[in-house]
Amino acid sequence: LTFSVAGEAYAIGILNIKEIIKFTQVTPVPLLPAFIRGVINLRGEVVPVIDLAARFGRPPVEQTRSVCVVILDLNSESERLSVGILVESVSEVVEIPPQNIGPAPTFGAKIRTDFIEGMGKLDTGFVILLDIVKVLSMEEIAALAQTGSTILERVP
C-alpha cells in the first residue's frame with residue numbers, strides 16, 4: 001500500500017493491513033509520546049493512532065479530507081494488536097517485483113534509516129518501503145497494548 005506522509009511517498013506490505021478508514025475524532029490519552037495522537041473506537045476495539053509524520057520528527061499531520069487512518073494488525077509477543085497509522089493520503093496498492101527493490105539508503109533519508117526496509121522503484125519514481133515493526137518498535141507496541149487494555153478496563 002502506498003501513501004503520503006509529509007509530502008514523501010511511502011509503502012508498507014499489505015499483509016498487516018486490516019482496513020483504511022477516514023480520519024475521525026481521536027480521543028487524546030495523557031502521558032503518551034507526542035507521536036501517539038490518541039485512541040479511536042473501532043467497532044468496540046480501542047485502537048491507538050500513531051501520527052507517522054510526528055514519529056518521523058516532522059510537524060503532525062493536519063486534518064484534511066484526504067487524511068486516513070490505516071489500521072494494521074500487528075503481533076506483539078503473545079497477542080494481536082490493532083494500531084492505526086495516520087497518513088496524509090492513501091495512493092494505491094502496487095506490486096513491486098523483487099528486482100525493483102533496492103537497499104535502504106545509508107544517507108539522505110528524511111527519516112531514521114532503521115525505519116527503512118528498502119527503496120521500491122515504480123514507474124512514477126521511488127517509494128520508501130517502511131519496516132513497520134521498527135517504526136513501531138516492539139517495546140512501543142507492547143506499551144500500546146498495555147495502554148489499550150488499561151483504557152478498556154476503565155470503560156463501563
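Side-chain heavy atoms closer than 4.5 Å link hydrophobic residues (I, L, V, M, F, W, Y) into clusters, and following such links, even through other members, never connects L129 to L52. Taking hydrophobic clusters as Ile, Leu, Val, Met, Phe, Trp and Tyr residues chained together by side-chain heavy-atom distances below 4.5 Å, L74 does not share a cluster with L15. Cluster annotation: I116 and I132 are assigned to the same hydrophobic cluster (Ile/Leu/Val/Met/Phe/Trp/Tyr, side-chain heavy-atom contacts under 4.5 Å, transitive). Cluster membership for I128 and L1, using ILVMFWY side-chain heavy atoms within less than 4.5 angstrom, is shared. Put simply, L122 and V87 are part of two different groups of oily side chains (I, L, V, M, F, W, Y) that touch within less than 4.5 Å, one to the next.
Summarising the geometry of P48 relative to S82, their closest heavy-atom pair is CD-O, 3.4 Å, with the distance given to 0.1 Å. Minimum interatomic distance between P59 and A53 (heavy atoms only, all atoms of both residues): O-CB, 3.3 Å. In this structure, M119 and F126 approach most closely via the heavy-atom pair CE-CB, 4.0 Å.
Under a 4.5 Å side-chain heavy-atom criterion applied to ILVMFWY residues, the cluster that includes V26 comprises I21, F23, I40, L42, V47, V49, V61, V67, V69, I71, L86 as well.
For K18, the salt bridge (charged side-chain N to carboxylate O under 4.0 Å, His left out) partners two or more places apart in sequence, or in a different chain, are E45. The salt bridge (charged side-chain N to carboxylate O under 4.0 Å, His left out) search around R58 returns none, not counting sequence neighbours. Taking S66 as the reference, T64 meet the side chain to side chain donor-acceptor pair (under 3.5 Å) condition, with sequence neighbours excluded. Every residue was checked against the ring pair (Phe, Tyr, Trp, His ring centres under 6.0 Å) condition with F3, not counting sequence neighbours, and none meets it. Shown here are the side chain to side chain contact (heavy atoms under 4.5 Å, CB included) partners of D131, two or more places apart in sequence or in another chain: E117, V133, K134. With sequence neighbours excluded, no residue forms a side chain to side chain donor-acceptor pair (under 3.5 Å) with R65.
You'll find the side chain of V70 reaches within 4.5 Å of the side chain of V90, heavy atoms only.
For residues 25-44, the set of pairs meeting the side chain to side chain donor-acceptor pair (under 3.5 Å) definition, not counting sequence neighbours, comprises E19-R43, R37-D51.
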Applying side-chain contact (heavy atoms from CB on, under 4.5 Å), run through I50 and I36 and close with a yes or a no. CA-CA 5 Å; I50 309 299; I36 302 176; 3.6 Å; yes
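The only option from V5, L72, I17 that meets the side-chain contact (heavy atoms from CB on, under 4.5 Å) definition with I85 turns out to be L72.
Aromatic rings of F56 and Y10 (six-membered ring for Trp) have centroids within the 6.0 Å cut-off, being under it.
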Side-chain donor-acceptor distances from residues 91-102 under 3.5 Å, at least two apart:
none

